[in-house]
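Report on the structure given below.
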Protein chains: 2
Amino acid sequence: MSPPLVPRLIRHEHVHILTQRFSTGPTVNKKSPARRAPTESDVAKLAGVSQSAVSRSFTPGASVAESTRKKILQAAQTLGYHPNLMARSLATRRSNIFALAISDLENPFYAQVVKELSERLRETGRHILLFVSNPDRSADPDLERVLSYQVDALILTATTASIELALQCQKAGIPIVQINRESRVPGISTIRGENQKAGHRIADFMAAAGHKRIGFIGGTRDSGTSRVRQEAFVSRLAELGISDVQVRYGDYTFEGAAVATRELLSQDRPVDALFCASDYMAFAALDVAKREFSKHIPDDLSIVGYDDVPEAAHAVYDLTTYSQPAAAMVEEAIKVIDLMIENPGRRAQRREVRGELIVRGTAKVPTAGVVTKHGKKIWHP
Amino acid sequence: MSPPLVPRLIRHEHVHILTQRFSTGPTVNKKSPARRAPTESDVAKLAGVSQSAVSRSFTPGASVAESTRKKILQAAQTLGYHPNLMARSLATRRSNIFALAISDLENPFYAQVVKELSERLRETGRHILLFVSNPDRSADPDLERVLSYQVDALILTATTASIELALQCQKAGIPIVQINRESRVPGISTIRGENQKAGHRIADFMAAAGHKRIGFIGGTRDSGTSRVRQEAFVSRLAELGISDVQVRYGDYTFEGAAVATRELLSQDRPVDALFCASDYMAFAALDVAKREFSKHIPDDLSIVGYDDVPEAAHAVYDLTTYSQPAAAMVEEAIKVIDLMIENPGRRAQRREVRGELIVRGTAKVPTAGVVTKHGKKIWHP
DNA sequence: CTGAAAGCGCTTACAG
DNA sequence: CTGAAAGCGCTTACAG
């Protein structure tokens, strides 16, 4: 009755279950006692020292004789000992874990934020506890309990913190910062792109290119980030004599932006230039404009995005956009948090990371003002 | 000396620092004592009960009189008490935290995996501790210490576990499963798409469409997932009389796939059909083919991807691809983990989630075999 | 149903 | 430099 050499295939709903028939080591038939992990005491016993000596050997600045520390690390090695970080957190009241609340992961900008944050954090031995929230509810009940995890800080991006949560964090002395989201709540630090300057510049850019009939697709109606961009854009256009600006909201989603674009292009006098509050929405706009309205870009319609995600540079999009460097924003967020941790009582910070209007192929370009910087064409009149 | 009402703007490197001047509550000038969070003992004192009674009130099945529990919850409410999950983990030896090791977040497929996993997990009160690893080193030193966090399980996707890590996990009784990555290491469960069937079907599809000069762009050379797809594809083509298949590797990156495509299209007899081991790489191929080689798709060149990420359906790509549902794969992964947790000693599982060859616009379609299923055109001869 | 007590695996004054 | 001991904030038998 030797087991078959090829995997057996069992059909089960829409999933195949292939049972594996190779040795899985000593735990194969023993109902795996799940041998509990070795602790400091185990190491201490083996090394013939006290448990506190073991602890010190794993604490960077602690005082242990080099000889005993060596002995201890040796013993730890043979036992396969790893400190229990939960226990350490309990004792030190510091977890080295940051909570990251995020939504909108399909938007590559936020995927980038996750990646950058993770990389920067790992350099200092910290990690991310992830809360992917539903963008439509502002007060995520799951996130409200984030403090239970004794995180050292809370970072939000593509989502915002409720007032209650902000208060809780403040009480507990936990820094809280929002990346790319505004906040009127005191105590929440914010890291933003140049929303206002971008709105002005894109308005100048479109006007200089000769556009008259202009549209704006915002994120959600209550997004401060989107609103700042919109207000700067619309008011500058008004100054330039263009007062009829069509505004729609795409809720930061692909589908929402597609619907908004459809509306803007179905009118009697469709728009001939469109500023979208995110590259991701601009991709949707491009999609609809080309496929459903057979628009030639940028001859029939100029589209400008915001973020400069990596995809924007790809040929299929080749999107003109205002940049907002995720890496720099993440770096600022960490700086702010470290500042607040070292210096509690410090007031909330607000930082702005610079960007540029990157000139690519989806928008008509004014005759003057294009310069090249770091190999990229930017509009800087 | 009243503070200015508008934010002061300080220029500092390439970042603006805007100081905020509003009340931040009682902690403004007090160097914030960071009042420590209330504990069960605090609640017990206020409610006039024992600390263990408080604990029981927060433990689902525990025995407490409804009246005292009410009193306790009341007291907890007024103190703003939240259980300390680190302490709970230490006591229960269960953290309700899953480690997720991932790389390649710019690939939308993996962004989707993160999102789906987070959603499924939150339903059962569990969370994700994130390890974004560098794809080029297989044994991530950071990840090797994952056991220190007392996670309940380890999920890997777009990356694989080292043998050492797998052994550690096995010893500790922690289930470990890889999504979309093969493993020859015993003890690692795997969830895969229909890699082999897909390879066969795409070969059939391309041959039936009349292609003769065919290319394949794989992920990394050592990716089992990619290799299975490749071998099935190449061997079936050989059966069909097409033995000269050009193989390149794009390392699952956009740039890598672009380079590979350039090579395949620069030859004397460039390929007229191309199967890419991921949609993300197929996007790069499309990009290069259109922009650099002015190819008409699919007249000059057919491109087929793998995954069916949401972007594949967008008009700019409109990619023909073999689907691999992230949601279903995540669900299987969780099922497997729960099975292993409830039933330690159980051998590693291997599950395969079904997909379809989704017919869109980037590949020539054979005259027969296209059917419509759930509103999607699929090729199912 | 309820409380006192031990224990989860660490850190960290405090003596020596 | 080193060890004994208290404490971090919980859970969970064990008595009552």
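On a predicted model such as this, the values are computed, not experimentally measured, just so you know. So you know, we letter chains A, B, ... as the sequences are listed, proteins then strands, and number each from 1.
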Whether R126(A) and D338(A) form a salt bridge (side-chain N of Lys/Arg under 4.0 Å from carboxylate O of Asp/Glu) is what I want to check.
yes
Please map the stems of DNA chain D, keeping only stretches of three or more Watson-Crick or G-U wobble pairs with both distances under 3.5 angstrom.
C:1-3 with D:14-16, C:5-12 with D:5-12, C:14-16 with D:1-3
What residue pairs, at least two apart or across chains, pass salt bridge (charged side-chain N to carboxylate O under 4.0 Å, His left out) with a residue in residues 73-95 of chain A?
R94(A)-D152(A)
Under 4.0 Å from any heavy atom of chain B: name the first and the last nucleotide of DNA chain D that qualifies, 5' to 3'.
dG9(D) to dA13(D)
Greater than 12 external heavy atoms within 6.0 Å of I163(B)'s CD1:
no
For DNA chain D, what residues of residues 52-69 of chain A have any heavy atom nearer than 4.0 Å?
S52(A), A53(A), R56(A), S63(A), V64(A), A65(A), T68(A)
Set of residues satisfying salt bridge (charged side-chain N to carboxylate O under 4.0 Å, His left out) with respect to E182(B), sequence neighbours excluded
R192(B)
Mind checking side-chain contact (heavy atoms from CB on, under 4.5 Å) for L90(A) and listing every partner two or more places apart, or none if nothing turns up?
N84(B), A87(B), L90(B)
What pairs of residues pass the ring-ring contact (aromatic ring centres under 6.0 Å, His included) test when at least one of them lies in residues 328-348 of chain A, not counting sequence neighbours?
none
For residues 139-166 of chain B, pull every pair meeting ring-ring contact (aromatic ring centres under 6.0 Å, His included), keeping only residues two or more places apart or in separate chains.
H127(A)-Y149(B)
In short, ring-ring contact (aromatic ring centres under 6.0 Å, His included) pairs touching residues 155-181 of chain A with sequence neighbours left out are none
Salt-bridge criterion met for R122(B) and D140(A) (N-O under 4.0 Å):
yes
Which residues share a salt bridge (charged side-chain N to carboxylate O under 4.0 Å, His left out) with E116(A), sequence neighbours left out
R120(A)
Under 4.0 Å, heavy atom to any atom of DNA chain C: which of residues 82-95 of chain B qualify?
L90(B), A91(B), R93(B)
Determine all donor-acceptor pairs shorter than 3.5 Å in which one atom belongs to a side chain in residues 61-82 of chain A; sequence neighbours excluded.
| unit_1 | atom_1 | unit_2 | atom_2 | d |
| --- | --- | --- | --- | --- |
| T68(A) | OG1 | A65(A) | O | 3.0 |
| R69(A) | NH2 | S57(A) | O | 2.5 |
| T78(A) | OG1 | A75(A) | O | 3.0 |

Which heavy atom of A37(B) sits nearest a heavy atom of D42(B), and at what distance?
O-OD2, 4.2 Å
